[in-house]
Amino acid sequence: MDSQVEALHTGPRDHLVLFYSQDTELTRSAGDYLLGALRDGGAAIVLGTWEHRLSLARFLVRAGVDLSAARSAGTYCELDASDTVGTFVMDSHADPASFWAAITPVLRRAADAGQPVRIFGEMVAVLWDDGQAGAAIEVEAMWNELSAQFPFSLLCAYPTAAVTGGGQSDQLADLCRAHSAVSGDLAPAR
């Protein structure tokens with residue numbers, strides 16, 4: 001399945017996961033996903049690592065998006081994944097009230113700026129990489145609960161290498177079940 005095609009045809013409450021082996025794949029897929037919202041009069045939120053926020057911003061600028069204007073209008077927002085996770089994950093558990101307090105204001109601003117709202121998120125990948133797969137799965141469930149209150153779609157991304165080793169098959173199955181669609185290749189790169 002082509003992850004780009006899936007991401008571009010998302011509904012307002014879809015929760016997608018992309019497993020990727022190269023950053024260029026991630027940038028292309030997530031960039032097209034976000035670009036679709038911005039071109040349709042909507043809003044895009046990026047909760048990513050510094051490197052991926054930068055590569056996505058470059059992708060969007062090359063696609064003709066005026067990011068400065070989009071930020072001013074509230075249709076484009078970037079947050080650091082690690083910093084944001086630090087506000088609601090304590091002792092390897094995600095606190096639902098703190099999650100809602102951190103994410104809800106961002107969603108409200110984006111929804112006020114336009115529809116559709118599309119979110120690209122790596123907070124869960126940051127947790128998984130830190131050995132907190134259980135907390136990552138908790139956060140995935142919290143996103144699903146939040147989508148009952150706000151119309152948004154969410155694209156989560158995980159590096160394939162991080163989720164395919166170390167006897168994590170049960171946790172990986174839980175992770176996939178938390179999403180409405182799974183794309184990308186789960187075979188480790190050789």
Side-chain angles (χ1 to χ4, degrees), residues 1 3-4 6-7 10 14-34 44-60 77-96 98-100 102-103 106-107 117-147 152-189:
M1 228 181 260
S3 61
Q4 283 183 300
E6 287 177 22
T10 61
D14 284 339
H15 184 181
L16 314 166
V17 62
L18 171 67
F19 297 105
Y20 67 96
S21 57
Q22 297 180 349
D23 283 348
T24 54
E25 175 188 1
L26 170 68
T27 299
R28 184 186 73 248
S29 296
D32 281 341
Y33 168 79
L34 297 168
I45 300 168
V46 177
L47 290 152
T49 63
W50 180 85
E51 296 85 3
H52 292 153
R53 291 192 324 267
L54 182 60
S55 66
L56 288 169
R58 287 179 178 152
F59 178 94
L60 294 170
C77 174
E78 297 172 304
L79 298 170
D80 183 79
S82 294
D83 291 347
T84 306
V85 160
T87 67
F88 62 83
V89 173
M90 292 145 261
D91 299 323
S92 296
H93 290 286
D95 176 61
S98 298
F99 172 82
W100 279 63
I103 303 300
V106 177
L107 283 174
V117 174
R118 289 188 179 176
I119 304 166
F120 166 71
E122 289 185 290
M123 296 186 306
V124 288
V126 166
L127 288 167
W128 197 285
D129 284 344
D130 286 344
Q132 298 184 61
I137 293 165
E138 290 173 359
V139 172
E140 295 287 14
M142 289 177 200
W143 277 116
N144 288 334
E145 292 170 8
L146 192 60
S147 73
F152 65 87
S153 65
L154 171 64
L155 174 63
C156 301
Y158 291 83
T160 300
V163 298
T164 55
Q168 301 176 54
S169 60
D170 288 343
Q171 291 170 317
L172 180 58
D174 289 342
L175 169 68
C176 290
R177 278 192 291 275
H179 293 86
S180 58
V182 176
S183 60
D185 187 3
L186 281 171

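All values derive from a computational prediction rather than experimental measurement. In what follows, residues are counted from 1 in the order of the sequence shown.
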Fill in: Thr160 side chain vs Tyr20 backbone, donor-acceptor pair below 3.5 Å
yes
Discussion item. Between Glu138 (side chain only) and Ala94 (backbone N and O only), is there a donor and an acceptor less than 3.5 Å apart?
Written reply: yes
Worksheet item: How long is the gap from CG on Leu154 to CG on Leu146, to the nearest 0.5 Å?
Response: 9.5 Å
Worksheet entry | Shortest non-hydrogen separation from Ser92 to Ala135 and the atoms involved | O-CB, 3.5 Å
Discussion item. So which atom in Ala157 and which in Ala125 form the shortest heavy-atom distance, rounded to 0.1 Å?
Written reply: O-CB, 3.2 Å
Practice prompt. Find out whether Met123 and Leu127 are in side-chain contact, i.e. whether some heavy atom of one side chain is under 4.5 Å from a heavy atom of the other.
Written response: no
Worksheet item: If every non-hydrogen atom of Met142 is compared with every non-hydrogen atom of Asp95, which pair is closest and at what distance?
Response: CE-C, 4.1 Å
Worksheet item: Checking ring-ring contact (aromatic ring centres under 6.0 Å, His included) for the pair Trp143/Phe99: CA distance, chi angles, key distance, verdict?
Response: CA-CA 9 Å; Trp143 277 116; Phe99 172 82; 5.2 Å; yes
Fill in: N/O donor-acceptor pair under 3.5 Å between Asp80 side chain and Ser82 backbone
yes
Worksheet item: With distance as the sole test, does Glu122 use its side chain to make a donor-acceptor pair with the main-chain N or O of Thr49 at under 3.5 Å?
Response: yes
Worksheet item: Do the ring planes of Phe19 and Tyr158 sit parallel (below 30°), tilted (30 to 60°) or perpendicular (above 60°)?
Response: tilted
Worksheet item: Rounded to the nearest 0.5 Å, how far apart are SG of Cys156 and CG of Leu16?
Response: 8.0 Å
Worksheet entry | Interatomic spacing from CH2 in Trp50 to OG in Ser55 - rounded to 0.5 Å | 9.5 Å
Discussion item. Can you give me the closest heavy-atom contact between Phe152 and Ser147, atom names plus distance?
Written reply: CE2-CA, 3.5 Å
Item to complete: Determine yes or no for a side-chain-to-main-chain donor-acceptor pair under 3.5 angstrom, with His15 supplying the side chain and Ala178 the backbone.
Response: yes
Worksheet item: Is a donor on one side and an acceptor on the other found under 3.5 Å between the side chain of Asp14 and the backbone of Ala181?
Response: no
Worksheet, complete the sentence: CH2 of Trp100 to CG of Leu107, rounded to nearest 0.5 Å, is 9.0 Å
Discussion item. Taking Val46's backbone N and O only, do any of them form a donor-acceptor pair with Arg53's side chain (distance below 3.5 Å, no angle check)?
Written reply: no
Worksheet item: Would you call Leu26 and Leu56 a side-chain contact if the rule is heavy atoms closer than 4.5 Å?
Response: no
Item to complete: Measure the shortest side-chain to side-chain distance between Asp23 and Glu51 over non-hydrogen atoms and say whether it is less than 4.5 angstrom.
Response: no
Worksheet entry | CG on Leu18 to CD on Glu25, rounded to 0.5 Å | 5.5 Å
Worksheet item: Between atom CD1 of Ile137 and atom CG of Leu175, what is the distance when rounded to the nearest 0.5 Å?
Response: 6.0 Å
Fill in: Leu34 versus Ile45, closest heavy-atom pair with distance
CD2-O, 4.0 Å
Item to complete: Would you mind reporting whether Met90 and Ser98 have side-chain heavy atoms less than 4.5 Å apart?
Response: yes
Fill in: Heavy-atom closest contact (Leu155 atom, Ala30 atom, distance)
CD2-CA, 3.8 Å
